[in-house]
Novice: 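Quick one: structure below, then a few questions.
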Amino acid sequence: MRYGMAIDTKKCVGCSDCVVACQTENNIPHGYARDWISETVSGTYPELTLEIRSERCNHCDNTPCVRTCPTGASHVIEGGIVKVTHEECIGCGACVESCPYDARYFHPDGYVDKCTFCDHRVKNGQDPACVSVCPTYCMYFGDLDDPNSEVSKKIATRKTKVLAPEAGTKPQIFYLI
Amino acid sequence: MESKKLYNLWIAALGIVLLAGFITIIMLFVKGHGELFSTIDKIPWTILVAAYIFFILTSVGLTFITSLYTVFGYKKYQPIVKRAQFISIVSLITGLSIMVLELGKPLHMIYYVISPNPKSPIFWMGIFYSLYLAFLIVRFWKIHNGDWDSKLSRFAGVGAFFVAIAAESTAGSIFGLIEARPTFFGQFMPIYFLLDAFLSGIVTILFISLIYHKVTNTSTPVLESIYDDLSKIFAFVLGVTILFVLWRTISGLYANRPEFAVVEHMIDSWSFRAELFIGLLLPFGLMVTKAIRKNMNAKLIAAIFAWIGLGIGRMEMLMSGQILPVMPKVSIQKNMILYNPTIWEWVICFFSLALLLFLYTMGEKYLKLGASPKLATE
């Protein structure tokens with residue numbers, strides 16, 4: 001079992017519904033976010049391309065954030081989900097610094113917080129909140145080890161990329177381009 | 001009478017800063033970091049981490065100074081060992097205290113023991129600094145009781161030296177192992193920390209001792225000869241540090257990765273110029289000129305400039321790795337991130353400095369920090 005995500009950049013309209021759903025589902029304090037929308041413009045006028053991406057923790061296979069955590073608060077749970085146990089986090093910030101995706105934030109209560117793939121929903125057979133609300137169905141979540149899962153099929157049949165591959169972290173979120 | 005008045009004034013000034021600090025600490029525990037500090041998720045390591053580094057560097061540097069006698073056997077330097085050893089302890093305690101205040105959840109440090117992660121440099125730093133503090137305390141206690149050369153006393157002194165190297169280079173590795181921040185990443189960072197520690201130690205012992213001797217009129221030819229030697233080492237270490245800062249800057253300008261754009265930004269900043277010109281080049285110029293170096297006041301002025309430069313330099317180093325966002329987020333955050341410490345963060349910094357100076361003053365008053373076996377002072 002290896003959870004992962006595929007996000008179709010051709011279908012994402014950047015509505016931020018995923019961001020709002022995450023904030024509501026996970027009770028994220030005002031001004032903070034576990035996921036966000038990025039826009040990249042490439043090319044030269046008039047041949048311009050706009051890519052919109054819904055981004056979050058990439059739940060990497062090679063995790064600098066877990067390595068650097070002195071108390072083991074940052075750890076990997078079943079299915080490869082990278083989690084922070086708030087009760088064990090001392091708030092030193094080492095994981096925030098070591099994440100090449102800037103995917104973690106300091107909760108005002110003093111600990112570090114990040115995307116969990118909504119593991120509490122996944123345990124009950126549901127999709128993460130962001131995936132479930134997407135109005136264009138641009139996000140696919142599931143087991144990357146299962147070749148018959150929708151996410152695996154999308155990755156197998158479409159051209160994909162990951163963010164900052166040069167970081168060597170083996171991200172498990174794939175962007176369909 | 002005059003000196004008594006000056007002493008009372010000094011204690012009152014420190015008392016006011018300490019009181020302001022204690023009030024801020026209480027507010028910090030009641031209101032939380034989010035309310036009082038401007039630490040943001042994009043820049044997690046801010047001025048309190050800079051202050052923490054400043055104090056631990058100073059502690060380790062002072063241990064390097066004591067090692068001239070303790071490890072390398074130069075008896076001439078014995079008269080400054082006890083003072084340096086004591087300031088090293090209070091500097092370490094100050095640094096560790098400020099670290100606890102900086103942590104979001106300091107009480108969770110129990111998980112260092114319950115669920116340690118040996119792959120984490122911060123875990124090892126914690127282990128090494130705990131061991132280092134223990135060695136320092138044993139060594140100081142032995143010296144205080146007149147035991148300079150028993151097996152245990154020497155073991156603690158030599159042990160403190162080697163653990164200090166391990167602790168300080170591990171502290172440097174916290175930055176040096178962050179591949180996501182290319183301006184931090186690299187094998188040079190642990191070495192840079194050791195170099196800066198040595199500089200901090202020399203600056204601090206000159207700064208504090210020369211003021212102490214000036215105020216109490218206790219300078220002797222033996223002590224002046226020691227400070228003459230230290231100022232030569234001071235000039236050498238300043239020279240190496242200048243080379244290091246220059247080559248770090250030049251390599252940053254040559255680099256192609258977008259994160260190194262921060263180097264150009266830094267060169268244009270007042271802080272970089274202050275660190276280089278006031279903190280490094282000016283004291284270097286003073287200390288390499290023999291006629292000036294011989295003068296005790298010139299040594300003190302050079303130490304003060306270098307001390308200010310070290311403070312600014314710590315902040316400069318920290319910000320260089322953080323004011324540009326990491327790569328994928330550059331598309332939504334293209335500009336340098338601004339960080340300005342809040343008044344409360346400044347209060348905590350001044351509190352830590354006052355704490356160090358207060359503990360040192362008490363040490364000077366009650367622990368005879370200038371004491372050494374008679375043989376060494378003759």
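Quick note on labels: first sequence line is chain A, next is B, and so on, each numbered from 1. If you're wondering where the values come from, they're calculated on a predicted model, not measured in any experiment.
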Novice: Any side-chain heavy atom of B/F184 sitting closer than 4.5 Å to one from A/E97?
Specialist: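 When only atoms from C-beta onward are counted, A/E97 and B/F184 do touch, with a gap below 4.5 Å.
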
Novice: Within a 6.0 Å radius of atom CZ on B/F350, are there more than 12 heavy atoms belonging to other residues, nucleotides or ligands?
Specialist: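 Atom CZ in B/F350 is not crowded, with 12 or fewer foreign heavy atoms closer than 6.0 Å.
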
Novice: Heavy atoms only: give me the nearest A/C92-B/W45 pair and the separation to one decimal.
Specialist: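 Result for this residue pair: O-NE1, 2.7 Å.
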
Novice: Which heavy atom of A/V66 sits nearest to which heavy atom of B/N117, and what is that distance?
Specialist: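 Looking at all heavy atoms of both residues, the closest pair is O-ND2, 3.0 Å.
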
Novice: Which pair of heavy atoms, one from B/L103 and one from A/I90, lies closest together, and at what distance?
Specialist: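 B/L103 and A/I90 have their closest heavy atoms at CB-O, 3.5 Å.
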
Novice: For the atom pair CD1 (B/I174) and OG1 (A/T68), what is the distance rounded to the nearest 0.5 Å?
Specialist: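 B/I174 atom CD1 to A/T68 atom OG1 measures 7.5 Å (nearest 0.5 Å).
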
Novice: State whether the number of non-hydrogen atoms from other residues, nucleotides or ligands found under 6.0 Å of B/I114 atom CD1 is greater than 12.
Specialist: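 Yes.
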
Novice: Measuring only between side-chain heavy atoms, which start at C-beta, is B/S120 closer than 4.5 Å to A/R67?
Specialist: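 Side-chain contact under 4.5 Å: no.
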
Novice: Kindly compute the distance separating CG (A/D109) from NE2 (B/H33), expressed to the nearest 0.5 Å.
Specialist: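 Result: 12.0 Å between the selected atoms.
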
Novice: Report the residues that fulfil side chain to side chain donor-acceptor pair (under 3.5 Å) with A/D146, sequence neighbours left out, ordered by chain and then residue number.
Specialist: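 With sequence neighbours excluded, A/D146 shows a side chain to side chain donor-acceptor pair (under 3.5 Å) to no residue whatsoever.
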
Novice: With a 4.5 angstrom heavy-atom cut-off, is it the side chain or the backbone of A/H86 that approaches chain B, or both, or neither?
Specialist: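 Contact with chain B is through the backbone of A/H86 alone.
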
Novice: Got a second to check how far B/E179's CD is from A/T169's OG1, nearest 0.5 Å?
Specialist: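 So the gap between those two atoms works out to 9.0 Å.
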
Novice: So which of A/P108, A/P64, A/A94 has the largest heavy-atom pair count under 4.5 angstrom toward chain B?
Specialist: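 Heavy-atom pairs under 4.5 Å are most numerous for A/A94.
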
Novice: Could you report the tightest heavy-atom contact between A/E87 and B/Y111, atom names first, then the distance?
Specialist: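 Result for this residue pair: O-CE1, 3.0 Å.
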
Novice: Among A/S74, A/G168, A/C69, which has the most heavy-atom pairs under 4.5 Å with chain B?
Specialist: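 Highest number of pairs under 4.5 Å: A/C69.
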
Novice: Return each pair, listed once, that meets side chain to side chain donor-acceptor pair (under 3.5 Å) where at least one residue sits in residues 132-144 of chain A; pairs must be two or more places apart or across chains.
Specialist: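 Only A/K11-A/Y140, A/R121-A/S132 qualify under side chain to side chain donor-acceptor pair (under 3.5 Å).
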
Novice: Starting at SG of A/C95, measure out to CD1 of B/I122 and round the result to the nearest 0.5 Å.
Specialist: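 Going from the SG atom of A/C95 to the CD1 atom of B/I122 covers 9.0 Å.
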
Novice: Specify the closest pair of heavy atoms between B/S115 and A/E88, including all atoms of both residues, with the distance to one decimal.
Specialist: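 The answer is OG-OE1, 3.5 Å.
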
Novice: Nearest 0.5 Å, what's the CD-CZ distance between A/E166 and B/R257?
Specialist: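 The CZ atom of B/R257 is 6.0 Å from CD of A/E166, to the nearest 0.5 Å.
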
Novice: Need one label for B/Q322: side chain, backbone, both or neither, based on atoms under 4.5 Å from any heavy atom in chain A.
Specialist: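 Answer is side chain: those atoms of B/Q322 sit under 4.5 Å from chain A.
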
Novice: Return the option, out of A/G110, A/C99, A/G91, A/P70, with the maximum number of heavy-atom pairs under 4.5 Å with chain B.
Specialist: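 Of the options given, most contacts go to A/P70.
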
